[in-house]
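Working notes, structure below.
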Amino acid sequence: MEIVVAKGLVKEYNSLRAVNCIDFIIHRGECFSLLGPNGAGKTSVMKLIYCYMPPTDGQLHVFGLDVRRHASEIKARIGVMPQENNLDPDLSVMENLLVYARYFGIKKKEAIKRAEELLEFVGLSDRAKTNVERLSGGMKRRLVLARALINKPELLILDEPTTGLDPLSRRQVWEMIKREQQRGRTLILTTHYMEEAQLLSDRVAIMDSGRIVETGSPEELTNKYGGTLEDVYLKLTGKRLLGGEVIIGEAIKEE
């Protein structure tokens with residue numbers, strides 16, 4: 001079943017065309033990853049999907065619903081893990097989950113039950129009463145993931161879920177994401193880590209300058225272009241990712 005369908009999708013900010021007439025389909029139960037340098041349009045595509053903003057032109061349907069006319073219905077069925085740890089610093093770990101559950105009209109008793117289950121899932125049960133400011137970076141990312149799952153979403157959007165984490169914390173988040181895959185949840189991922197994309201993705205769309213330049217499974221892309229997934233990325237975009245930097249020719253631009 002098709003969960004997301006985009007045809008001729010366009011997003012403009014004043015005179016800047018961030019998303020330039022792209023087509024793609026995301027199927028139920030797959031992990032679909034968007035790869036590309038900063039400014040490629042990845043985050044804009046994700047924001048269009050979770051109805052943060054409307055398209056400028058083209059068609060975009062999520063769960064068969066038009067994002068322009070059914071934004072509220074779509075949002076209720078989506079979980080979003082943003083790049084930022086936008087947790088409430090004045091609240092405890094548990095309180096952050098319970099407050100967020102209210103946005104979905106989840107009754108308190110059910111919200112507590114779900115929150116307890118999610119804290120166990122992300123390994124934070126013993127931190128339920130801890131203020132979020134006392135958590136490590138890895139713990140905060142795991143809590144943001146738990147928050148994104150509080151409404152039992154059919155579609156989970158992960159915008160650079162492990163950026164800035166140490167290798168151990170990154171792998172812990174990967175394991176949690178893989179468990180969601182195994183449960184049949186549909187995932188959309190953006191990442192600058194090629195290992196992450198290789199490990200988690202069923203299909204990858206490589207973006208550059210607002211366009212999708214190639215789509216396929218990691219295996220299909222490496223077989224077609226040779227080398228690793230990062231080599232494919234380099235061949236198609238002319239840009240090399242090294243840690244948190246985008247290298248274009250001899251110039252280095254911090255992300």
Please check if any side-chain donor atom of [X] sits under 3.5 Å from a side-chain acceptor atom of [Y], or the reverse.
| X | Y | result |
| --- | --- | --- |
| His192 | Asn38 | yes |
| Asn96 | Arg147 | no |
| Thr191 | Glu196 | yes |
| Ser92 | Asn131 | no |

Single-linkage hydrophobic cluster [X]~[Y], side-chain heavy atoms < 4.5 angstrom:
| X | Y | value |
| --- | --- | --- |
| Val67 | Leu65 | yes |
| Ile3 | Leu156 | no |
| Val62 | Leu158 | no |
| Val173 | Val80 | no |
| Phe32 | Leu35 | no |

Determine the minimum heavy-atom distance between [X] and [Y], stating which atoms define it.
| X | Y | value |
| --- | --- | --- |
| Tyr193 | Gly164 | OH-N, 3.7 Å |
| Pro89 | Val132 | CA-CG2, 3.7 Å |
| Ala205 | Thr215 | CB-OG1, 3.9 Å |
| Ala111 | Ala101 | CB-CB, 3.8 Å |
| Asn151 | Ile78 | ND2-O, 3.2 Å |
| Arg141 | Leu165 | CG-CD2, 3.6 Å |

Is there a side chain to side chain contact (heavy atoms under 4.5 Å, CB included) between Leu187 and Leu200 once you walk through the steps?
-> CA-CA 9 Å; Leu187 309 177; Leu200 299 175; over 6 Å; no

How many angstroms lie between [atom1] in [X] and [atom2] in [Y], if you round to the nearest 0.5 Å?
| X | Y | atom1 | atom2 | answer |
| --- | --- | --- | --- | --- |
| Leu60 | Ile74 | CG | CD1 | 7.5 Å |
| Leu34 | Ile212 | CG | CD1 | 6.5 Å |
| Leu119 | Arg114 | CG | CZ | 14.0 Å |
| Cys31 | Lys178 | SG | NZ | 12.0 Å |
| Ile157 | Thr190 | CD1 | OG1 | 10.0 Å |
| Gln83 | Thr162 | CD | OG1 | 11.0 Å |

With sequence neighbours excluded, what pairs up with Tyr52 under the ring pair (Phe, Tyr, Trp, His ring centres under 6.0 Å) test?
-> none

Residues at least two apart in sequence or cross-chain that pass ring pair (Phe, Tyr, Trp, His ring centres under 6.0 Å) with Phe63, listed by chain then number, are none

I want to check something: taking the side chain as every heavy atom from C-beta on, are [X] and [Y] in contact at a cut-off of under 4.5 Å?
| X | Y | value |
| --- | --- | --- |
| Lys129 | Glu95 | no |
| Ile26 | Glu2 | no |
| Leu135 | Arg142 | no |
| Trp174 | Leu199 | yes |
| Leu149 | Phe121 | yes |
| Lys47 | Ile49 | no |
| Leu189 | Pro161 | yes |
| Met53 | Lys11 | yes |

[X] (side chain) donor-acceptor with [Y] (main chain) under 3.5 angstrom:
| X | Y | result |
| --- | --- | --- |
| Ser201 | Val204 | no |
| Asp88 | Asp90 | yes |
| Lys140 | Leu87 | no |
| Thr222 | Thr228 | no |
| Arg28 | Thr186 | no |
| Lys42 | Pro37 | yes |
| Asp66 | Arg68 | yes |

Option among Arg183, Arg77, Arg185 that satisfies the salt bridge (Lys or Arg N to Asp or Glu O under 4.0 Å) test with Glu154 |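 Passing option: Arg77.
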
Between [X] and [Y] (salt bridge meaning N to carboxylate O under 4.0 Å), is one present in this structure?
| X | Y | result |
| --- | --- | --- |
| Glu214 | Lys224 | yes |
| Glu175 | Arg179 | no |
| Arg203 | Glu30 | yes |

Trace of the side chain to side chain contact (heavy atoms under 4.5 Å, CB included) decision for Leu124 with Leu143 | CA-CA 8 Å; Leu124 292 175; Leu143 180 57; 4.0 Å; yes

Start with the C-alpha distance between Asp159 and Met81, add both sets of side-chain angles, then the distance that settles side chain to side chain contact (heavy atoms under 4.5 Å, CB included), and finish with yes or no.
-> CA-CA 6 Å; Asp159 196 357; Met81 185 179 181; over 6 Å; no

CD/Glu117: more than 12 non-hydrogen atoms of other groups inside 6.0 Å = yes

Quick check: are there more than 12 heavy atoms from other residues, nucleotides or ligands sitting under 6.0 Å from CD of Glu110?
-> yes

All side chain to side chain donor-acceptor pair (under 3.5 Å) counterparts of Tyr13, not counting sequence neighbours | Ser44

List the steps, then state whether salt bridge (Lys or Arg N to Asp or Glu O under 4.0 Å) holds for Glu195 with Arg171.
-> CA-CA 11 Å; Glu195 182 185 4; Arg171 290 184 179 278; 3.0 Å; yes

Check step by step if side chain to side chain contact (heavy atoms under 4.5 Å, CB included) holds for Lys108 and Leu98.
-> CA-CA 8 Å; Lys108 186 175 181 180; Leu98 297 181; 5.5 Å; no

Could you tell me whether Arg211 sits above the aromatic face of Phe24, with NZ or CZ closer than 6.0 angstrom to the six-membered ring centre and within 45 degrees of the axis?
->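 Checked: cation-pi criterion not met.
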
